2 protein chains.
Amino acid sequence: MLKLTKRADYGLIALKHLATQERRANGSGEVGATTKEIAELYRIPVPHLAKVLQKLVREGFLRSAQGSNGGYRLAKEASQINALEVIRVFDGPVILTSCFTDHGGSCEQSERCNVREPLRKIHEGILGLLASITIADMASDDPLAHQPLVKLYAKPGAASEVHQGDSEQAIQRVHDDAVSGPLGRNLTGQRREELREC
Amino acid sequence: MLKLTKRADYGLIALKHLATQERRANGSGEVGATTKEIAELYRIPVPHLAKVLQKLVREGFLRSAQGSNGGYRLAKEASQINALEVIRVFDGPVILTSCFTDHGGSCEQSERCNVREPLRKIHEGILGLLASITIADMASDDPLAHQPLVKLYAKPGAASEVHQGDSEQAIQRVHDDAVSGPLGRNLTGQRREELREC
DNA sequence: GGAAATAGGACAAGACTAGTCCGGTTTCAT
DNA sequence: ATGAAACCGGACTAGTCTTGTCCTATTTCC
């Protein structure tokens, strides 16, 4: 289905939450939040979130404090954690076609197939996008006010009919941006509202 | 695992193959290739590929001819079919978090959660990338000679440590491009070779 | 010593993926 | 007509992945 797993989703949510709790977790070693707090706030099953947080500790994104008054805090600056790192922890490598990584050069389908090179370019673009956003970006108050992340150059003449339910406007926006400016600018309040479903 | 399914992969491969067989399939209604031909060429199980091709017919990407001497040809211009459309046929909607589309406004986790807006921006970028490449692009001889698809602006100070096996160079390349130019330029022959695993 | 919290292994239901199997239909060539 | 070649499409299966739950430690504070 080409989507993030809940685990990755929960991981990002938790990291972002902890990034906004840093005041509680300044130098003295205090924790930002407990599993229970985060789970209740975001309606995540407690034991499941616990697994996610434990994994984030093992991978070096979080530091934990055991015992009562325990909890979690970020192990590094929120600006030094990007979405790709987190997603890879939970979902494994991000790959478009298995051919990119599955084997050591013994691709059965490769000789005649040149689907791969163009897809690889897309693949790199996706990795770049994911790597370019940090937890700090997510934690700031108005994400739409951010610097543009990506500027898409739609090729003239390329197929541009895109219909995917409510993300139609989103694509249209990307296409607009190719002409009128970077992502996030030139948006009226109303169009911003259209993009907010959740 | 955030990857395309084999079905989508096979679909793209088949479409790309048929796009290069257009000479056999000019106006007279001749077909470009049969299931068996494509399956053998790319080492895909015949019955499985058949399903994929049948679906592409139902979705309007291919036209089929039954009976002996039958087969498939593109139903529209290769330049009018983009990768996103094809991927959506097989893998369903491309969504980063289920929250984008799952519900009609009743997101349990939404009130306090602002992970979504930044992710949505990434999501739009990915859709834009996928929508910007067409079957015609894939079918041309040297994909690396293409116009740049995307130009990434890495934010200064953003986390840039990215390690994912062999795609490390890929990311590095994206980052280089943020400084030195669009994707695909400034590549020595050797670095091109590094990117080709398959 | 008890409460609160993290740590982590085992396990299970359900969904999805990849692929097989089989019977049917259409069309062409002989 | 008849058979071969090809498309059509539903049913099924083995395996894997996802999303949890459950239970038992272990640590730390009061």
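Being a predicted model, the structure only gives us computed values, none of them experimental. Chain identifiers are assigned alphabetically (A, B, ...) following the order of the sequence lines, protein sequences preceding nucleic acid strands; residue numbering begins at 1 within each chain.
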CD of B:Q54 versus P of C:dT26: gap in Å, rounded?
14 Å
Kindly determine whether B:T5 and B:D91 satisfy side chain to side chain donor-acceptor pair (under 3.5 Å), including the steps that lead there.
CA-CA 7 Å; B:T5 61; B:D91 294 358; 2.4 Å; yes
When A:R58 and A:N69 are each assigned the nearest nucleotide of DNA chain C, the 5'-most assignment goes to A:N69
Determine yes or no for a side-chain-to-main-chain donor-acceptor pair under 3.5 angstrom, with A:E40 supplying the side chain and A:E37 the backbone.
no
Please state how far atom CG in B:D91 lies from atom P in C:dA15, giving the value in whole angstrom units.
19 Å
Considering non-hydrogen atoms only, spot the tightest contact between A:V89 and A:E59 and give its length.
CG1-CG, 3.7 Å
So, does B:T35 get its side chain near the phosphate of D:dC7, meaning an N or O under 4.0 Å from OP1 or OP2?
yes
If you find the nucleotide of DNA chain C closest to A:G70 and the one closest to B:H48, which residue's nucleotide is nearer the 5' end?
A:G70
Report the distance from atom CG of A:L4 to atom C1' of D:dT19, rounded to the nearest whole Å.
15 Å
Nearest to the B:T5 side chain among C:dA18, D:dT28, D:dA4, which nucleotide is it?
C:dA18
A:F90 CZ to D:dT19 P, in whole Å, measures 12 Å
Any side-chain N or O of A:Y72 under 4.0 Å from OP1/OP2 of C:dA7?
yes
Would you mind reading off the distance between A:Y10 atom OH and D:dT18 atom C1', rounded to a whole angstrom?
11 Å
Using whole Å, report how far CD1 of B:I44 lies from C1' of C:dG19.
13 Å
When the nearest nucleotide of DNA chain D is assigned to A:P47 and to B:Q66 on a heavy-atom basis, which residue is associated with the more 5' position?
B:Q66
A:K3 NZ to C:dA15 P: how many Å, rounded?
13 Å
Short question: side chain of A:H48, backbone of A:R7 - any donor-acceptor pair under 3.5 Å?
no
Working note: B:K51 + B:Y10, criterion side chain to side chain donor-acceptor pair (under 3.5 Å); need CA distance, chi angles, decisive distance, verdict.
CA-CA 10 Å; B:K51 296 281 189 224; B:Y10 294 161; over 6 Å; no
Atom-to-atom span, CG of A:L49 to P of C:dG8 - whole angstrom:
15 Å
Is there, by distance only and without an angle test, a donor paired with an acceptor across the side chain of B:K51 and the base of D:dG10 below 3.5 Å?
yes
Look at the side-chain N and O atoms of B:S64 and state whether any lies under 4.0 Å from the OP1 or OP2 oxygen of D:dC8.
yes
Taking the side chain of B:S68 as heavy atoms from C-beta outward, which of D:dT21, D:dC29, C:dC28 is closest to it?
C:dC28
